[in-house]
Peer 1: 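Below are the structure tokens for one structure; questions will follow.
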Number of protein chains: 2
Amino acid sequence: MTSGRRGYQQACHVASALDLLGERWTLLIVRELLIGPRRFRDLVEALGGIGTNLLSDRLKRLAEEGLVARRKLPPPASVPVYELTEAGAALEPVLWELVRWGVKTGRDLPSDASYRPTWLVVAMRSLFRPERAEGLDLRLEFRVGEDVFHAVVEGSALVTGLGTIERPDVVVTAAPEIFRRYENGERPEVLAKTGKWKLDGSKRALMRFEKLFAVKASL
Amino acid sequence: MTSGRRGYQQACHVASALDLLGERWTLLIVRELLIGPRRFRDLVEALGGIGTNLLSDRLKRLAEEGLVARRKLPPPASVPVYELTEAGAALEPVLWELVRWGVKTGRDLPSDASYRPTWLVVAMRSLFRPERAEGLDLRLEFRVGEDVFHAVVEGSALVTGLGTIERPDVVVTAAPEIFRRYENGERPEVLAKTGKWKLDGSKRALMRFEKLFAVKASL
DNA sequence: CGGAATCCTCTTCGATACTG
DNA sequence: CAGTATCGAAGAGGATTCCG
């Protein structure tokens, strides 16, 4: 079965990478794991109904290729989880560029589609501009519908996570459909008029937020 | 049949982009067109035996979505060609990151695979570091096997093309399999020992070349 | 009960033949 | 040359079964 895999057989890194990553679901599995280790069941739910056989196949392949590791959480949890290796996590820039392309070219997210807070974390990471963050510090909390996540800018690094954060400089509160419009590139001033988008923080902090996370016009 | 398309239905730019680009061959078609307009037949050959029905389907879809335009070359040529629109060309960073990921993580290109000079152009564009090119000028010619292409660095911009160039500062001459090893991240010093890799140019120009085009260690 | 293999149906792919 | 049509093969989706 070793040679039974379809491949492009081209001496090109694009084709070679796509041989591994180009199958359906694969990059979305990477997206989920970028936020942190996940259990098999969590992945099934997050991906919205991938067949368990496919997920099993994909994880096996990614593990073979060294992008994903299967690990057992230490006791007392002792449950198996999947997590990205360094090589797997190195794919993040690929996902960033997909997001940035979508925003830049104005491709609207479907309004009838499902959404997960972790995807918003990925989106914010994609839109972050480290080259503008030189020496700036900023602590952000996002409250989208029932979901809360945060981002911390330190120097030119960005750390993100689910849940609240201590002493935020900026708190973004938005309804999910409004946050989707933010991801579609609409300016905060416009969103504010809906009454379902609110930015709390000092003027200075709010300006930094706008500067550090690009939307359409500035990509 | 309008809704007969399989999609992820997720409010996430990664998933949304992949709905369009994630099918087999699609991103490789974009890769080909990044180098310039191509005829249908050229694409079939460059892609190494894609079914003409699939190529037809993909081009149709890409045209619908505004990433590709079908155009007729002005007389006397008067032949139809496909070319990227601005939105299509905006995908280039996605391909860059795929190449950089492959190099960075040391994924070797298959040695028995086909290769095309245009892929080498894409590779060099991917490895170019504009942030290190500040104010530098450099004219490069690459001779790989029978194929010749060039790159011109001006300011922090890079322009590439097939064929020779006037007054090159650096000429890289390599056998195809050695150039593949360069793409795999091997250092020029090592490649030089094979006798099938040669760099011509002033010491200053050669240093610039190494600085402006990253290989594994410095990505 | 979570994790993964199996089975069956449907869609997509790939190769070639065919038409304007 | 530029595609369209056709058809067997491979892959995807979904439900169910097996296993620890």
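Chain letters run A, B, ... following the sequence lines, proteins first and then strands; every chain starts at 1.
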Peer 1: If you draw the axis of the six-membered ring of B:Phe179, does the NZ or CZ of B:Arg143 fall within 45° of it and under 6.0 Å from the ring centre?
Peer 2: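 No - B:Arg143 does not lie over the ring of B:Phe179 by the 6.0 Å and 45° rule.
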
Peer 1: Under the side-chain hydrogen bond (donor to acceptor under 3.5 Å, both in side chains) rule, what pairs show up with a residue in residues 148-162 of chain A, not counting sequence neighbours?
Peer 2: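 Listed by first then second residue: A:Arg125-A:Thr160.
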
Peer 1: Side chain of B:Arg24: nearest nucleotide among C:dG3, C:dC13, D:dA2?
Peer 2: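 Among the listed nucleotides, the one closest to the side chain of B:Arg24 is C:dC13.
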
Peer 1: Tell me every residue that passes side chain to side chain donor-acceptor pair (under 3.5 Å) with A:Arg41, counting only those two or more places apart in sequence or in another chain.
Peer 2: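 If we apply the side chain to side chain donor-acceptor pair (under 3.5 Å) test to A:Arg41, skipping adjacent residues, there are no hits.
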
Peer 1: What is the distance from CZ of A:Arg38 to P of C:dG2, rounded to the nearest Å?
Peer 2: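 About 17 Å, once rounded to whole Å.
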
Peer 1: Please collect all side-chain hydrogen bond (donor to acceptor under 3.5 Å, both in side chains) contacts where either partner lies in residues 10-23 of chain B, sequence neighbours excluded, each pair once.
Peer 2: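 Listed once each, the pairs are A:Arg31-B:Gln10.
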
Peer 1: If only side-chain N and O atoms of A:Trp25 are considered, is one of them under 4.0 Å from the OP1 or OP2 phosphate oxygen of D:dG13?
Peer 2: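 A:Trp25 to D:dG13 OP1/OP2: side-chain N or O found under 4.0 Å.
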
Peer 1: If you compare every side-chain N and O of A:Arg6 against the phosphate oxygens of C:dG14 (OP1, OP2), does one of them come in below 4.0 Å?
Peer 2: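 Indeed, a polar side-chain atom of A:Arg6 lies that close.
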
Peer 1: Report yes if a side-chain nitrogen or oxygen of B:Lys60 is closer than 4.0 Å to either non-bridging phosphate oxygen (OP1 or OP2) of D:dG3; otherwise report no.
Peer 2: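 Result: no.
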
Peer 1: Just compare D:dC1, C:dA4, D:dA12 and give me whichever is closest to any side-chain atom of B:Arg39.
Peer 2: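 In terms of side-chain proximity for B:Arg39, the closest of D:dC1, C:dA4, D:dA12 is D:dC1.
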
Peer 1: Between B:Ile165 and B:Glu141, which heavy-atom pair has the shortest distance, and what is it?
Peer 2: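 Minimum heavy-atom contact is N-OE1, 2.9 Å.
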
Peer 1: Under 4.0 Å between a side-chain N or O of A:Tyr8 and OP1 or OP2 of C:dC13?
Peer 2: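 No, outside the criterion.
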
Peer 1: Heavy atom of residues 27-35 of chain A under 4.0 Å from DNA chain D: which residues?
Peer 2: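 Going residue by residue through residues 27-35 of chain A, none turns out to have a heavy atom under 4.0 Å of DNA chain D.
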
Peer 1: According to side chain to side chain donor-acceptor pair (under 3.5 Å), who are the partners of A:Lys60, at least two apart in sequence or on a separate chain?
Peer 2: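 Applying side chain to side chain donor-acceptor pair (under 3.5 Å) to A:Lys60 gives none.
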
Peer 1: Please work out which residues in residues 49-59 of chain B have a non-hydrogen atom less than 4.0 Å from an atom of DNA chain D and list them by number.
Peer 2: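 B:Thr52, B:Asn53, B:Ser56, in order of number.
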
